[in-house]
**Student:** 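Pasting a structure here, questions to come.
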There are 2 protein chains.
Amino acid sequence: MPEISVNKSGRAADTVVRQLSEKIQSGEYTDGTPLPPERLLMEEFGISRTVVREAVQALSKQGMLEARPRHRPIVRKPGYDAAISAMETVVSHLLNNSGGVKNLFDTRILVEGALVRQAAQQAQRDDIAALKSALEANGAAIDDSEEFYRTDRAFHALLYEISHNPVLPSLHKAYVTWLAPQWSRMPRLPERNRVNYEAHVRIFDGILMRDPDAAEAALRTHLEQAWSQVCETFGEDL
Amino acid sequence: MPEISVNKSGRAADTVVRQLSEKIQSGEYTDGTPLPPERLLMEEFGISRTVVREAVQALSKQGMLEARPRHRPIVRKPGYDAAISAMETVVSHLLNNSGGVKNLFDTRILVEGALVRQAAQQAQRDDIAALKSALEANGAAIDDSEEFYRTDRAFHALLYEISHNPVLPSLHKAYVTWLAPQWSRMPRLPERNRVNYEAHVRIFDGILMRDPDAAEAALRTHLEQAWSQVCETFGEDL
DNA sequence: TGTCATCCTTTGGTACGACTAAAGTTATCG
DNA sequence: CGATAACTTTAGTCGTACCAAAGGATGACA
């Protein structure tokens with residue numbers, strides 16, 4: 001079906017992108033398998049390799065293809081992660097601007113504050129149990145900073161999962177990724193770990209007591225304290 | 001400049017992308033002006049037009065260039081808008097999946113709920129004044145559905161501006177854009193306009209009374225009602 | 001003189017062919 | 001039978017050529 005659609009757009013690649021993405025979504029190109037070679041695609045669509053490559057590049061930027069340098073592109077059905085990772089390069093530029101990191105972190109405070117409120121109001125029994133065990137793991141890792149960092153992330157991640165909205169865990173991943181440059185270069189001190197752990201406890205207690213105000217207040221205190229720790233390390237120029 | 005490894009990446013375009021984006025950020029390429037022609041860029045960087053075009057395409061996907069089909073790409077310093085518009089194509093796919101729109105709308109409820117809480121707690125006098133005038137404009141437009149839609153958006157937009165965090169207005173734009181396909185195809189009924197206007201009044205009152213709970217409750221009711229209106233129009237399959 | 005139609009130049013979009021180097025595959029040899 | 005060498009495939013890059021649209025220059029005409 002080599003059709004030469006009269007595309008007003010002036011861009012042949014656009015039509016190819018559409019057709020390819022349809023084939024990916026429909027499962028004609030199986031998720032996880034490599035895309036056909038470029039030379040086959042040019043036959044299939046009746047276009048030059050130039051256009052094929054342009055389309056492939058576009059799709060990989062959109063997260064529907066995973067393109068490593070000298071390899072065949074791997075088909076990936078797009079998920080919320082892909083959507084967020086599409087912003088990655090731009091965000092990295094914004095973070096270099098003064099205040100960029102703070103702006104981003106403030107949105108995290110906003111969102112996560114809303115999440116703990118919601119958790120305090122509607123967390124189910126198993127949500128509470130998951131939080132509890134995550135909290136215990138976190139408490140047990142106070143002396144192992146690397147492990148503490150991991151369990152810390154896991155605890156916060158749970159807050160994003162309680163809503164059962166798949167967008168939110170992806171958002172959490174994004175926050176962790178984007179703020180990692182700062183966070184990872186901070187000194188890991190057991191005293192700080194203890195402080196952070198106790199903050200987690202207060203958040204958990206707030207949720208447990210079904211007290212949204214207390215839970216949110218604890219979370220805000222926690223994150224703002226974390227922020228001031230970052231500022232101590234890097235100075236004000238963020 | 002720590003340009004250590006010369007070109008092991010396997011992709012010449014990557015280095016060009018870096019150099020170009022630096023020139024854009026440094027202002028060497030003025031914001032709003034067209035990029036030099038591709039044929040000049042190939043001389044300047046000593047590469048083929050293939051690579052130039054690949055780099056240009058990458059940058060335009062990232063929102064640092066605005067590329068219309070047969071025109072020179074226009075230089076755009078990346079802002080939060082660009083970051084969010086980078087997700088656009090992926091999001092549009094996700095919205096086609098069952099539940100995608102609802103998931104997105106739920107995050108809007110979450111965020112906007114947090115915003116009105118914050119507004120109720122820390123809105124300044126001029127914030128209140130702005131909300132008030134937006135509300136009045138909205139009330140005056142009940143019989144003009146197109147105008148009502150506009151003032152409705154403007155009212156909600158203010159909620160995202162009170163925080164003075166530049167990320168949030170961009171987020172609002174994104175919500176409006178992404179949810180527009182559903183919203184714009186809904187019937188515009190003056191009765192609904194009145195209901196929505198009254199909901200706006202309740203939200204405003206909550207903020208005015210410095211009552212976060214009331215303000216958030218009013219907003220949630222408002223948005224959930226709007227959602228159910230959408231469902232009436234499109235059925236459950238969203 | 002000002003406006004409009006026309007020509008010419010610039011410039012992005014596409015095609016084709018060639019070459020390189022890395023990845024993948026097969027054949028070969030110990 | 002496993003390691004290695006030889007071969008094949010394939011993405012990455014380059015160069016050239018051509019087309020068509022956009023933009024600017026030119027000239028005719030009112």
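Proteins come first, then strands; the chains are lettered A, B, ... in the order of their sequence lines, and each starts at number 1.
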**Student:** Whole Å only: how far is the CD atom of A:Glu38 from the P atom of C:dC16?
**Tutor:**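 A:Glu38 atom CD is separated from C:dC16 atom P by 15 Å.
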**Student:** Which of the following nucleotides, C:dT14, D:dT13, C:dT11, is nearest to the side chain of B:Thr50?
**Tutor:**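 Selected nucleotide (nearest to the side chain): D:dT13.
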**Student:** Counting distance only, does the side-chain N/O of A:Asn165 pair as donor-acceptor with the main-chain N or O of B:Asn103 below 3.5 Å?
**Tutor:**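 Yes; at least one donor-acceptor contact below 3.5 Å.
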**Student:** Give B:Arg39 one of three labels, base, sugar-phosphate or nothing, depending on what nucleic acid heavy atoms sit under 4.0 Å from its own.
**Tutor:**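 Touches a base.
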**Student:** Give me the bend of the helix from C:dT1-D:dA30 to C:dG30-D:dC1, using the axes of the five pairs at each end, rounded to 10°.
**Tutor:**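 Helix axis angle between the two ends: 10°.
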**Student:** What heavy-atom pair brings B:Leu65 and B:Val75 nearest, and what distance separates the two atoms?
**Tutor:**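 What the structure gives for the nearest pair is CD2-CA, 3.9 Å.
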**Student:** Could you tell me the separation between the CG atom of B:Leu35 and the C1' atom of C:dT11, rounded to a whole number of Å?
**Tutor:**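 Nearest whole value for this atom pair: 13 Å.
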**Student:** Of the candidate nucleotides C:dG24, D:dT13, D:dA17, which contains the atom at the shortest distance from the side chain of A:His71?
**Tutor:**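 My answer, after comparing the listed nucleotides, is C:dG24.
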**Student:** Any donor-acceptor pair, under 3.5 Å, between the side chain of A:Arg70 and the base of D:dA11, if you only look at N and O atoms?
**Tutor:**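 Yes, the side chain and the base share a sub-3.5 Å donor-acceptor pair.
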**Student:** So that I can tick it off, tell me whether B:Arg18 and B:Asp14 are bridged by a salt bridge, with the cut-off set at under 4.0 angstrom between side-chain N and carboxylate O.
**Tutor:**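 Salt bridge between B:Asp14 and B:Arg18, a charged N being under 4.0 Å from a carboxylate O: no.
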**Student:** Any carboxylate oxygen within less than 4.0 angstrom of a Lys/Arg side-chain nitrogen, looking at B:Lys23 and B:Glu44?
**Tutor:**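 Yes, charged N to carboxylate O under 4.0 Å.
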**Student:** Kindly say whether, by distance alone, the side chain of B:Arg72 makes a donor-acceptor pair under 3.5 Å with the base of D:dG23?
**Tutor:**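 No such pair is found, so the answer is no.
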**Student:** When you check the gap from the basic side-chain N to the acidic O, do A:Glu38 and A:Arg72 get nearer than 4.0 Å?
**Tutor:**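 No, A:Glu38 and A:Arg72 are not salt-bridged.
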